Every structure is written in C-alpha cells, then in structure tokens.
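Note: hydrogens, waters and symmetry copies are ignored here, and every other heavy atom, side chains too, is used. Everything numeric in this text was worked out from a predicted model, so none of it was measured.
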Amino acid sequence: MEGFARAVEDGLKLSKRLVLPGGLPPPRPLAGMDRGVGGGGGGDASVAALLLPSAPMAYAVVTDPGAVDTPDVPSYQPYVYGRLDPPALIPLQMKEVDLSVDCALGEAAVTVRARWWLHCITRSRDCDVRIVVPMGGQGSILGAEVTVGRRSYNTQVIEVEDHTTENAAKADSGGLLKPQLFYLTISQIEGGADISATIRWSQKLHYDNGRFSVDIPFRFPYYVNPLPKVFMKREKIQLTVNSGFSKEVLLQGTSHPLKEKGRQGEKLSFQHEATVENWSSKDFNFSYSVYSGDLSGGVLVQPSTLRDYDDRDRFCIFLLPGGGNRKVFRKAVVFVIDTSGSMQGHPLENVKNAMSTALSELTEGDYFNIITFNDELHSFSSCLEKVNEKSIASALDWINLNFVAGGGTDIMHPLNEAMASLSSAHDVLPQIFLMTDGSVDDEHNICQTVKTELISRGSKSPRISTFGLGLYCNHYFLRMLASIGRGHYDAAFETGSIESQVLRWFRKASSTIVANISIDATAHLDEFEIDSEYIPDISAKSPLCISGKYQGKFPDMVTAKGYLADMREISIELKVQHIKDIPLDKVLAAQQIGLLTAKAWLSSDKQLERKVVKLSIQNSIPSEYTSMVLLQTLEKVDAAQKVKQKLKGHKGPDEPRRIPLQCLKLGFGDRAATRENLVTGFGDVKPLETFEILNKAAGCCSRLADCLCCMCCIKACNKMNDQCAIVMTQVCAAFACLGCYECCAELCSGSDS
C-alpha cells in the first residue's frame, strides 16, 4: 500500500493550491511528509500508515494538476504543465456520515452512508473519484450504491457465464485494494459535485471470555472536515443487538455515546446523533455479553422463501461456551509447518514467532512434536514429547535452526507422519495444526485418504486444523480438510497479520471443552443436513454455529450431547425457536457459501455449484462461480443533456454499463506459482508500480521500461537518446509540480553520466 500512501501524500501537497472560502489555508501535510513515503526509515512507514484510510473516504483522482482549484472561487494559481502518472489522490471533504450496525448471533451487518463534495476541482473540469472503505475483521462486501447528479451506480452479483467483459481492462474500476479494503472508482465527475454513497458489508463479531465485540474503522483524518461555517456536521450511529436467545444482554463498553432506544424481546436498539465540530477521530467499538453461567444455546429455525436455493427449511444451532471455568482437554499436538522456498522472509519469520508463543502456552500434561516439510520432511523428535521447560527450550532451539525456507511443497507425506505419531496418544485429544502457503496436485486424494483414516479411528481420530497463508494456497482444500478433521480453518492474507491470526487460530482450536458433539434432532425429522462435513468440538474461545437444512417438524427441545475433558458425558438442552426478526439467510450466507464451495470443489458436483450460485446472487455475496459488477444507469435527460453526455462518452439511459470489480475471489489455489516458489501471494506484497510514461519509451530503451529510476537506466545503457531526454523532461515536470525538486535534481544529475 506504499503506492496508495504516496498518491495521497502527493494529493495533499497539490491541495496547497486551494484557497478555501473565507481565505482559509488548505490542510497542511503531515509532519515528515517532506521526506516522502517509502524513502526509508521507521518514520516514513508511520507516515504511510497515517495516510491509509481508517474510515470511509473519497479521493479525487488527479492526473492534470492544472485542474486543481476551488470550484467557486478561483485561486488564480500559476498554471502547472505536465501530467501525473500515477495520479495523485486528494482526500475529499465529507458533508454527511451515517453508520448502522446490526449484530445477530456471531455476525455484524454494517451499512455506511456518506456524502462528499468534489471541493478541489474547478467546475469547468472533471476527474475520477475513488471511494475507499476499510472493513472490519473478516469483512465480506455485500453491495454499494453511488449517486452523482443524474448518474447512479449499484453493485450486482451475476453468474460468471453472464459476465460481460466491458471495461475489463480497466483494473482500477473497483474491488479490493487489499484484504478488507474495498474501493470503487467513479469516472468523470465535475468539480463541485456531490457524491453520495451507501456501502454494506458483513464482518465477524470478536468473542473473548464470554464477551462479543465489534470494531469498525471510523477514524476520519482532520483534512476531510469541511469548514464549520459552511457545513453543519451531523454524526449519526445506529446499533441493534439480537442475541437470538432468551438471555439477558449486558452492555460492556462503547467508544461513542449511545443511548438505549428500546428493548423488544432479545432485540436491543441504541442510537447516537449529534452536531459535531469534527468527524469521529476514533474507531467505533461496541461490546456486550449474553448472560450464561454455563454451556447454553438454542436452535433457531426459519421457513424457506420462494427465492431460496433449497425448498427445505433452514436451521442454526448456536452454542455458547459460557462463563464457567470448564476444564480444557489435555492434548497431543503435532505442528506441520510448510518451509518451502515461497515461505522465505516475513511469512516464515511471523510463523516462527507465532510458533514460539504457541509452544509456551502448552501446559504440563500436554504432548507435542513439530514437523517441517518442503520436498523433504524433518521432525523435531521421533515421538511425542512431554511438555516441560527442557523440551520447550529444545524445541525453540530446533525451530531457529530448522525453519529455513527452501524446496517445494509436499503435504500428504507430513500429514501421514503426523497421524501415525498420534496413534500412540492415549487419554489426550490428538490434534494436528497444518500451515501452508502452497497448492499441490493431490489435494483431492489427500482429503479422501484423511477421511478414510479418520473414520477408521472413530472417536479417537485426531482433529485437523488448517491455516492458509496468502493467495496461492487452495483455501477451499484447507477448509474442507479442517471440516473433515473436525478442526478449525483460518487464513492470513497480509504478512503483517500472520502472527496474530495464527495465534488466534491456535488458541481457538486448542481450547476444546466438549468433544464428539451429537444432536438428537435426526430422530424427529424427515431430513437433517448440516453444511459442514462433521460437527466441530466446542472451544472455550468461540461460540459454535452449525447451519443446515431440514424437512419435517422440530420438537420443542433438542438435546446436544458430548464428552468433557474428564470423559464424562454432558447433555445440553436446546430450546427450538421459530424466529422472524433475524434474517438467518443473510447472517449465515457467507459461512454457507464457503462450506458449500469447498464441498463442490471436492465432489465436482455441478448441483452444489448451482446452489452456491443461487445463494451468492440471492445474498449479493460474490463467490467462485459468480462475479460482482458495478452497474451504471442514467436518469432520463433532455436532448441537450444527451448531446453533452455523448460528447463526454457517456452511454444513454437504455444502455447500462457493467463494470467488473476485481480481486473478490480466492480461487482454488495456484499450483504453477507454488511450483515456482513465488513469494508474492499476499495482498500487501505486489510488484513495484511503473510509470506509464516510462513504458512509452520502451522502443528506445527496453531497460528504461522495466525500471522506475531513469538515472539507473541511463547509467546501465551508458547513453541517452532524444526519446530518453523527452521522457526525463516529462518526469521532471511531474516531480516539480508536486514540489519534489530533490527528485528532479537527482534525475538531472543522473543524466549527466
């Protein structure tokens, strides 16, 4: 994201040209920006982080610095020649913002409505506007609508085969800039225009020690605040909480002052509305607990609708671990870690750090071993080791010596080795923790082999939890393997989040308090099908949500049975509730799409693929078999407006444009990238951007087209022809208009050689 931060930095420098109403100066760039983003040093990294969006933002995409001026009061600044490539991003001032959050079960549905104005482009000119929305943890985009004057845009999920390739080459039209950072680019907006947007997404609620919490990025930088004398700023936040059970909901904390507006059954509503001097400078956080002294839960059922992908009714079994101090199972743990060549650098270092912490959290009575794999297999020990100070210290030394990236990827061999070593474990819960960043050819065979082995072992079969690193591994294979192994799946798509995500995954999977769960509902129903392969164990660190379809009539009470750490059987009575005010289809959609896609991948079942397509379109969630597009429509206009639109290249109202959005799918792994040990399978690790202006010079100097530094190219070629001189003059002009005279001077001095 350094390129994005650098573009915002350039935009803030360009905004110095503005003279705001009342003669007030424009916002000053952040301290340290004169050195530039990405120039080296920790200070530059911190400045770059401050320039990334921490709340819904809109930016003017400026390629012509001469268009930068206040819409109504010209500043009469000197004309600037040249074009910016890549463009600068000027943050737009925001007039309104409204946040709505609906929490139900373990999900939060978030809606943000905002209005900005293009305050930095003169009314005689236009530019593109990029809307960027950071989503909370594990966020999934649900849709967006944008209105600009007579034009309106809305996202739509369509089948892949219906996908039109119009404007497919325009890679900046929208999608994900990086995981959890959604954006849309709206083209040709006139200076001074208002841009209204509504963005919806869902995200997981965080659960810790009996407390649910939701965190939503809502920190607006000071430079998006319009002048208080010109615009009155009203901030509005609405929140609803629906636990789904007849349990008392206790408010634990909130970042913004919320007033309780009402209680209706299990549903609570809160609101905050006020005139503010500045927009919110902190993220929105809300936490609550559902009173439960011990294991508890319920069964929520809802009839199918005409739009459902399946005519059977829907159910959700939701189990809370409770606030009681249930004993965690003693465990025998085998870590199976990918150390192939693609893991080199930050990924492997982060895994090492997480492993060190995870080993320190094992307790006496536990057993462990570590297996690393690439083309070969290396084990810390030939058998399971008891957890004690000496064995943990030896393991840490072994990790430092043996966690070295190199070679290819072979998953089946180390998995077989791990299962074989756990066959000797008694009176403990056997667990395998697999971490990989690659995709292999025999993934289907691995799932079938593991499934056969686990069935043969019965209730003593090891739990298999999987973790995917980056975009090159097959996340549906890992999800299916975890489902078969009654374990937990998780992933990290950014190098900076690997350590924390791995630890959260390990703690959740290693904190089992009830194992071998069974539900007695099948005796009362004609059909009972769960979305996952098997019912996972109950963890002290997370609620258990089991979704599926059924036919027949649920009894008033259902019993869930399982075994505690001391091997005593436990029965949990679950009340069946027919609900209307929780949209189960929406709340469970993302989980169902992930699980059904994994099943469809494993079985190659076209009917399952069709179910995913219907579920995806019905709930506006993109899947592997559907795509999200931005649909542009125009209101009816008069003849004069039609002529103006045609001159600007706009289509008529009867010809809506479908603009594909990018990077919204995981795919089914990249085996070619795995074989080549490519290391850029993370959303935050991308090849360096090149200036388009330099690419135009490819005919005169092939090295110049592949290099960002003209000085280096000229030194490498030891010559400079006329075309190179023209390119360098244009680049220097671009640097000069941004105030980067040092860069210009460096280029000029480099050209002397």
Side-chain angles (χ1 to χ4, degrees), residues 4-5 7-33 46-62 68-73 75 88-100 112-123 127 129-134 146 148 181 183 186 189 191-199 216-238 255-257 272-285:
F4 186 92
V8 176
E9 177 188 25
D10 294 342
L12 290 175
K13 288 179 179 178
L14 270 179
S15 66
K16 292 179 181 179
R17 293 173 53 85
L18 300 175
V19 177
L20 301 176
L24 294 177
R28 297 179 60 186
L30 298 172
M33 277 176 46
S46 62
V47 171
L50 289 173
L51 292 173
L52 297 179
S54 55
M57 297 278 291
Y59 302 89
V61 183
V62 179
V68 177
D69 207 341
T70 47
D72 300 311
V73 183
S75 59
L89 297 176
I90 300 180
L92 299 188
Q93 294 181 353
M94 188 170 66
K95 291 182 175 181
E96 297 177 13
V97 66
D98 181 346
L99 173 65
S100 176
V112 170
R113 298 175 181 86
R115 183 163 63 99
W116 298 271
W117 74 301
L118 192 49
H119 73 287
C120 55
I121 301 296
T122 183
R123 287 195 184 275
C127 74
V129 167
R130 184 164 299 159
I131 299 169
V132 185
V133 181
V146 180
V148 183
L181 198 59
Y183 79 103
I186 309 299
I189 298 180
D194 278 8
I195 304 103
S196 298
T198 300
I199 299 97
I216 297 170
F218 210 58
R219 287 181 289 118
F220 295 94
Y222 69 95
Y223 41 75
V224 304
N225 288 295
L227 296 176
K229 293 183 180 179
V230 179
F231 298 109
M232 181 180 70
K233 295 184 281 293
R234 290 196 64 81
E235 187 176 74
K236 187 176 181 180
I237 299 174
Q238 294 176 300
S255 58
H256 293 66
H272 160 70
E273 187 170 5
T275 302
V276 294
E277 185 174 342
N278 295 301
W279 296 122
S280 171
S281 59
K282 55 187 175 182
D283 291 339
F284 176 74
N285 172 273

Taking all atoms of both residues into account, what is the closest heavy-atom pair of Pro56 and Pro217, and its distance?
CD-O, 3.9 Å
Which pair of heavy atoms, one from Pro71 and one from Ile121, lies closest together, and at what distance?
CG-O, 3.6 Å
Just so I know, are the side chains of Val132 and Arg130 near enough to count as touching, which here means a heavy-atom distance under 4.5 Å?
yes
Using the side-chain contact (heavy atoms from CB on, under 4.5 Å) rule, take Val62 and Leu14 through it: C-alpha gap first, then chi angles, then the decisive distance, then the call.
CA-CA 9 Å; Val62 179; Leu14 270 179; 4.1 Å; yes
Trp116 side chain reached by Val224 side chain, heavy atoms, under 4.5 Å:
no
Distance alone, cut at 3.5 Å: any donor-acceptor contact between the side chains of Trp117 and Gln93?
yes
Counting only N and O atoms by type, is there a donor-acceptor contact under 3.5 Å from the side chain of Ser255 to the main-chain atoms of Asp283?
yes
Any side-chain heavy atom of Leu92 sitting closer than 4.5 Å to one from His119?
yes
Under 3.5 Å, side chain of Lys236 to main-chain N/O of Glu273, donor-acceptor pair present?
no
If you take all heavy atoms of Pro91 and Met57, which pair is closest and at what distance?
CB-CE, 4.0 Å
Working to the nearest 0.5 angstrom, can you tell me the gap between Ile186 CD1 and Ile195 CD1?
9.5 Å
Using 30° and 60° as the class limits, which term best fits the ring planes of Phe220 and Trp279: parallel, tilted or perpendicular?
tilted
For residues Glu235 and Phe218, determine if any side-chain heavy atom of one lies less than 4.5 Å from a side-chain heavy atom of the other.
yes
Distance from Ser280 atom OG to His256 atom NE2, nearest 0.5 Å?
3.0 Å
CZ on Arg115 to CG on Asp194, rounded to 0.5 Å:
4.5 Å
What is the distance from atom CG of Asp98 to atom CD of Glu96, rounded to the nearest 0.5 Å?
9.0 Å
Restricting to salt bridge (charged side-chain N to carboxylate O under 4.0 Å, His left out), what partner residues turn up for Arg113, sequence neighbours left out?
none
Between CG of Leu12 and OH of Tyr223, what distance do you get to the nearest 0.5 Å?
5.0 Å
Do side-chain atoms of Thr70 reach the backbone of Asp72 as a donor and acceptor pair under 3.5 angstrom?
no
Of Ile90, Val68, Val61, Leu118, which meets side-chain contact (heavy atoms from CB on, under 4.5 Å) against Cys127?
Leu118
Could you tell me if the ring centre of Tyr59 sits under 6.0 Å from that of Phe4?
yes
Determine whether the side chains of Arg234 and Thr275 contain a donor N or O and an acceptor N or O closer than 3.5 Å.
yes
